[in-house]
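Below is one structure; the comments refer to it alone.
Because only heavy atoms are used, hydrogens play no part in the values below, and waters and symmetry mates are left out as well, while side chains stay in.
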Amino acid sequence: MSDQENSTQEDNTPIEKSVTTKQATQSQEETPKEIPVKKADTSEEKPSKVANSEPEVQTAPTPEISEEQEVESSDAIEQSETVVEIEPTDYSNLNKTELINAFENLVNNSAIESIKDEAEEIITEFNNLFQEELTQKKEDFLAQGGNSIDFHYTSPEKKAFSDVFNDYKTKRNAHFKKLKQDLDGNLEVRNLLIEEIKSLLDSEKSVNSNYKKIKDIQDRWKQAGAIPRDKYNTVWNNYHHYMETYYDALQLDREFRDLDFKHNLEEKQKLIARTQELAKETNIDKAFRELQLIHRRWKEEIGPVAREIREEIWETFSAATKIIHDKKMLAEAALEETFIENFSIKKELIGLINKVQEETKSSHAAWQNAMKQVQEIRDVFFTVGRVPKDKNKEIWATFKDTTRSFNKAKNDFYKHQKNAQYGNLEQKRKLIKLAQDNKDTEDFEKATPLFKKIQHDWREIGHVPRKDSDAIWKEFKAACNHYFDRLHALKDQENKDEVVNLEQKQALLESMKTISLSGDHKQDIQTIKATITQWKTIGRVPFKKKSIDQKFNKALDTLFNTLDLDKKEAELIKFENKLNAMASDDDTRKLQNEQFFIGKKIDETKSEILQLENNLQFFKHVAKDNPLVKDVYKNIDNHKEQLALWKEKLVKIKAIQNG
């Protein structure tokens, strides 16, 4: 393959007119065909636009970096062949402060020309977060009656991020400005060196007498440095054309020329030998990296060899190079299968994130669990390994979009929760006011169940914004504690009174053992009733000692048993005493339950009487003195007596309830 053909596939820029196709063919050894030179891509990827000043109302714009055009050095030709793909950094889970710190660390501690992709990633993530914040602030502003045209919002975080971005832009522009100046300067130096060679060829002096000058030009060429990538092939071909023209003209003194050819041949043979050794290297990446350096030296540092062996030496070098290239292609082909498998695994992991999002229920616990699951999936994603190069951007973009979708759904849920929490806050403030309005009431009977309901409602309402949580809890707690402290103080005093009451009832109970009845029925009834009245007026006793009432009832039963007292009358006296005990406890539920029980008994008794009377219809042709019929009549009479007793009890309980 000729040098002309090789240069054509790399760069279509023609060399100077003085270089003919035939002349170019003579330099075929100088551009190895196995190391393709990629055409410089001078197009610049533009990040999304953002202003350096504070953002407009509607959007959170993205910074633009375009003051200095990005340029590429000819050194990038070899670098592009040995670049190692690095897994992108995922910034989607960082908050605004963390993104600012990451950006600042990147700008201050990394080569500015190497951080473009990461910088744009951080800029995008920050602007997404700021846009959400901006939208929420605008909604709040409009909800409070503001006009859209009057809305303006910024934040300390936005200003801090803009400062870091401006620093990044300044350093980046300075880098590319200096790089362009250096590359243009080096290009000018190399073009001047080519002109020097041309002037030596045109000089009236003998070519031999200029030999030392040529060697000096060669040394200065090696030290000239990189030039713009898109000018590299043209400059390099021109240089080698004129340099070989000079060597071909060294016919007047073959000794000089042959000596130089011999030196160049020895150096190239060393490079060939080293390339052949590299073909045996097991670490193909290491071998390939060194091969780049060998090709650079072959092209840049070593001059031509004798014309008759140029083709042979080049073919030998190309063959050794091809072995390494073939091994690298095989290794990459083997890796490609792994990369394809990795691609499939990563697609499945992305699908799992989507599934977690779809199946997450609308609750705090569910979202916390979902966040944990997604983090575990993300951790696995980053350990899977590389994917095919042509799929890398696709899978990374899909992963970011999926992660961003999950985070948006999570943020939307908590945004809704936040709105609900403000509603909860208003409800709890109403309960606080209700508690404060009633904390000093003297109507403890009504206030106590009210405060219990307030506390129950408080627990049922749910969470409030964290910044308000402690404050309103302290207010609520203070109001409730104030009331219950008063209630307990009252209870403490009542407890002291109850202990005194207990002592008095114990004494009365003991005295009942010595009561002697006169035998006068009415007088003895009055004595017992007087004892009951005395017991009732004493008042309540401590709850744990309420069994003393049962002892009192037993003592009454003993007294009644000594009297020739109608059973109904005795029952009503004891029932009245029971009702008085309930009333003294201030427990309306017991009285209500007792009323319900008596009402139920009345209904049951009426039903029994009706059933018995219906049964008599079966005995209408049987004499009334029949034992079975007599038994039914007796049973009806007993139920009627019991019904009358239940009705009298109902009258008494209603009288107690009506006060």
Side-chain angles (χ1 to χ4, degrees), residues 136-146 361-368 410-499 501 539-544 546 579 581-596 653-654 656-659:
Q136 182 61 50
K137 294 295 183 181
K138 184 176 181 180
E139 288 177 0
D140 294 344
F141 178 77
L142 296 178
Q144 294 171 7
K361 296 181 180 179
S362 185
S363 72
H364 172 70
W367 274 104
Q368 288 298 309
K410 176 196 68 178
N411 293 339
D412 287 346
F413 167 76
Y414 282 106
K415 179 181 177 181
H416 175 74
Q417 288 289 96
K418 185 177 181 181
N419 292 336
Q421 287 177 358
Y422 280 113
N424 294 341
L425 178 62
E426 290 305 311
Q427 292 184 57
K428 288 195 171 183
R429 281 176 173 160
K430 290 179 181 178
L431 292 180
I432 291 172
K433 186 176 186 309
L434 185 59
Q436 289 174 338
D437 290 346
N438 289 275
K439 66 180 183 179
D440 291 312
T441 182
E442 296 296 330
D443 191 348
F444 292 99
E445 184 177 352
K446 291 183 179 179
T448 299
L450 174 63
F451 269 87
K452 289 181 179 180
K453 184 178 185 305
I454 290 173
Q455 291 177 323
H456 174 269
D457 291 348
W458 181 278
R459 290 191 295 269
E460 292 295 315
I461 287 174
H463 296 290
V464 300
R466 183 175 297 179
K467 62 185 179 66
D468 300 300
S469 180
D470 288 344
I472 65 164
W473 169 245
K474 288 178 180 177
E475 283 188 73
F476 180 70
K477 185 179 179 182
C480 291
N481 285 349
H482 178 82
Y483 171 77
F484 283 107
D485 285 346
R486 292 178 61 239
L487 178 64
H488 293 153
L490 179 64
K491 291 287 185 182
D492 289 343
Q493 182 58 46
E494 289 179 349
N495 288 341
K496 293 178 182 178
D497 295 339
E498 287 174 357
V499 171
N501 294 341
R540 289 184 299 182
V541 299
F543 182 79
K544 292 182 179 180
K546 291 187 74 66
L579 292 181
M582 290 181 181
S584 65
D585 288 339
D586 291 333
D587 192 342
T588 57
R589 289 177 301 173
K590 287 184 178 180
L591 289 171
Q592 290 171 352
N593 291 339
E594 187 70 19
Q595 181 178 352
F596 176 77
I653 197 169
K654 287 182 177 180
I656 291 288
Q657 287 178 327
N658 294 331

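Within 6.0 Å of NZ on Lys410 lie more than 12 heavy atoms contributed by other residues, nucleotides or ligands.
A distance of 5.0 Å separates CG of Asp468 from CG of Leu425, quoted to the nearest 0.5 Å. Distance check, rounded to the nearest 0.5 Å: CG of Leu487 to CG of Asn481 gives 12.0 Å. How far CG of Asp457 is from CG of Leu431: 6.0 Å, rounded to the nearest 0.5 Å. Separating the CG atom in Asn438 from the NE2 atom in His482 is a distance of 11.0 Å, to the nearest 0.5 Å. For the atom pair CD (Gln421) and OG (Ser469), the distance works out to 9.0 Å, reported to the nearest 0.5 Å. Summarising the geometry, atom OG belonging to Ser363 is positioned 9.5 Å from atom CD belonging to Gln368; distances are rounded to the nearest 0.5 Å.
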Side chain to side chain donor-acceptor pair (under 3.5 Å) assessment of Tyr483 paired with Thr441 | CA-CA 8 Å; Tyr483 171 77; Thr441 182; over 6 Å; no

Verdict with supporting geometry, Phe444 and Arg486, side chain to side chain contact (heavy atoms under 4.5 Å, CB included) | CA-CA 9 Å; Phe444 292 99; Arg486 292 178 61 239; 3.6 Å; yes

For side chain to side chain contact (heavy atoms under 4.5 Å, CB included), just list the numbers for Val464 and Gln427, CA-CA rounded to whole Å, side-chain angles, deciding distance to a tenth of an Å, and then say yes or no.
-> CA-CA 10 Å; Val464 300; Gln427 292 184 57; over 6 Å; no

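Checked against the 6.0 Å centroid threshold, Phe413 and His364 do not count as a close aromatic pair. The distance between the ring centers of Trp458 and Phe476 falls below 6.0 angstrom.
Considering only heavy atoms from C-beta on, Glu475 stays 4.5 Å or farther from Arg429 through its side chain.
Taking both residues in full, the closest heavy atoms of Tyr422 and Lys467 are given as OH-CE, 3.8 Å, listed atom of the first, atom of the second, then distance. Taking each heavy atom of Lys361 and Ala366 in turn, the nearest pair found is O-CB, 3.3 Å.
Between Glu460 and Lys453 no salt bridge is recorded (no basic side-chain N to carboxylate O distance below 4.0 Å).
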